[in-house]
Structures are given as structure tokens and as C-alpha cells.
Amino acid sequence: GALCPYARRADGSDALLSMSEGCFGLFEITADEAGRDVGRLWAQIHPDDLQGVADSVAHSERTLEPWLARYRNITPSGKQKWVYARGMPRRLPDGGTLWTSILFDVSERVQMEEQPKESRALLFRAQNMAALGQLTGGLAHDFTPPLSVTPRGPETPGPLPPPPSH
């Protein structure tokens, strides 16, 4: 994980005050690079998740409630990682907000959560196919005339009789 104090100043600008070395494993940029330009971290957030992350930060800033987010991150090498972030905000004397935050790579956990969904979907499709097969077999049976059987046993000695002529 990466530990990072993140600040949003009263004027709306933001900054990373520092970041642990876990930053590189999560974001593929060094703590110094992230500190010089926090926008590089924002730019890695998946486009479909960016607004939700921004809204969650704004909500935490307004209410001083803990910041919680789970989002997809796309690293410079193109790898997608799921990030879980949690930060505790506090108001600064100048009116800005400082979060002491920790961010974790939860990609494996998300994949494990998705596998049962995929397995359930496959099971559902297989059950539907089995039910369709039973229905088809039942309909075929209902519309197929029964075969006539000529008893053959000790009570009917000799060769089989010829088929009836029409």
C-alpha cells in the first residue's frame, strides 16, 4: 500500500505532502514524481471512475467524514489495478483540508469477487440449456406416435407374423 497525506488548499489547489515508497508499486511513479505533480495520480484514475472519486473527496472535504473510495487505476504501463483508498480528514487553519490516507491494490480481491458472479452466470446458462433440452425431449415424445409392439414370448411360438398390409 501507499501512505500519503493529501491536502486540498482553501483556493482549491491540491498537493501530496509526502508519499511512502509503496507509491511506485501501486502507481508506477515515484513518490517524488507524485509529490511534484499530484495531477499525475488523478490522470491514472479510470475515466468511468474519475467523477465518483472526485465527488467522494468533495463530500469528505465538506463533511469531514472519512474518505472512502474503490476505483480502477491505469498505470503508465497500461496495467489496470483496483485501488481501495481510505483517508481521515481534518480542517487546516487556512480553511483547507488534510487527509491522512492509505491506498491499497485490491485487484486480486476484486477478481475473486467477480469469479463467483461469472460462475453463477455460467451455471444459470447451463441450467437453462438443460431445461430446454428436457422440454424439447418431452415435446418430441408427446408428438411421436408410439411404436406398436408385437408380443413375442412363450405364448406366441413360431416366426413373427408378416406386417399388416394396407
Side-chain angles (χ1 to χ4, degrees), residues 1-140:
L3 182 63
C4 65
Y6 170 75
R8 179 159 299 161
R9 297 180 189 103
D11 67 3
S13 62
D14 57 356
L16 282 176
L17 305 182
S18 66
M19 190 168 237
S20 68
E21 289 308 312
C23 174
F24 188 80
L26 193 56
F27 300 107
E28 295 180 0
I29 61 174
T30 66
D32 287 340
E33 291 169 322
R36 282 193 302 274
D37 182 7
V38 71
R40 291 185 65 183
L41 295 179
W42 282 100
Q44 288 189 21
I45 297 173
H46 190 284
D48 293 343
D49 299 340
L50 182 59
Q51 189 62 52
V53 173
D55 291 347
S56 68
V57 170
H59 176 79
S60 177
E61 180 180 25
R62 253 188 339 275
T63 64
L64 293 180
E65 293 174 3
W67 172 59
L68 300 171
R70 188 168 98 166
Y71 61 91
R72 291 166 290 179
N73 187 65
I74 302 171
T75 65
S77 70
K79 186 181 287 186
Q80 179 176 289
K81 296 181 180 182
W82 279 93
V83 175
Y84 173 76
R86 180 178 177 88
M88 295 303 297
R90 68 181 170 93
R91 193 71 67 215
L92 297 173
D94 70 354
T97 307
L98 173 67
W99 288 266
T100 301
S101 303
I102 188 158
L103 295 86
F104 294 100
D105 181 348
V106 293
S107 301
E108 287 182 21
R109 180 177 177 170
V110 170
Q111 288 172 345
M112 288 172 46
E113 289 171 358
E114 293 296 319
Q115 285 175 344
K117 290 178 189 174
E118 292 170 8
S119 296
R120 283 194 300 271
L122 287 172
L123 177 60
F124 181 74
R125 283 197 300 271
Q127 289 171 335
N128 282 344
M129 293 302 292
L132 182 60
Q134 288 175 348
L135 176 65
T136 304
L139 288 174

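To the nearest 0.5 Å, atom CG of residue Leu64 and atom NE2 of residue His59 are 10.0 Å apart. One finds the CG atom of Asp105 at 11.5 Å from the CH2 atom of Trp82 (value rounded to the nearest 0.5 Å).
Side-chain atoms of Leu103 and Tyr71, non-hydrogen and from C-beta on, do get closer than 4.5 Å to each other. Two residues are said to be in side-chain contact when any heavy atoms from C-beta on lie closer than 4.5 Å; Gln80 and Ser107 fail this criterion.
Listed here is the closest heavy atom pair of His46 and Ile74: CD2-CD1, 3.8 Å. The minimum heavy-atom distance between Val57 and Trp67, with the atom names listed, is CG2-NE1, 3.4 Å. Nearest heavy-atom pair, Ser101 versus Gly87, reported as atom, atom and distance to 0.1 Å: OG-CA, 3.4 Å. Contact detail for Ala2 and Ser20: the closest heavy-atom pair is CA-OG, 3.3 Å.
The backbone N or O of Glu65 lies less than 3.5 Å from a partner atom in the side chain of Ser60, making a donor-acceptor pair.
Using cut-offs of 30° and 60° on the angle between ring planes, the pair Tyr6 and Trp99 is tilted.
A salt bridge (Lys or Arg N to Asp or Glu O under 4.0 Å) check over residues 6-33, counting only residues at least two apart or in different chains, returns the pairs Arg8-Glu61, Glu33-Arg40.
Counted by atom type alone, Arg91 and Thr97 present one or more donor-acceptor pairs between their side chains at under 3.5 Å.
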Arg86 vs Leu68, side chain to side chain contact (heavy atoms under 4.5 Å, CB included): CA-CA, chis, key distance, verdict = CA-CA 5 Å; Arg86 180 178 177 88; Leu68 300 171; 3.0 Å; yes
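Listed by chain and residue number, Leu16, Met19, Cys23, Ile29, Leu41 satisfy the side-chain contact (heavy atoms from CB on, under 4.5 Å) test with Ala34 (two or more places apart in sequence, or in another chain).
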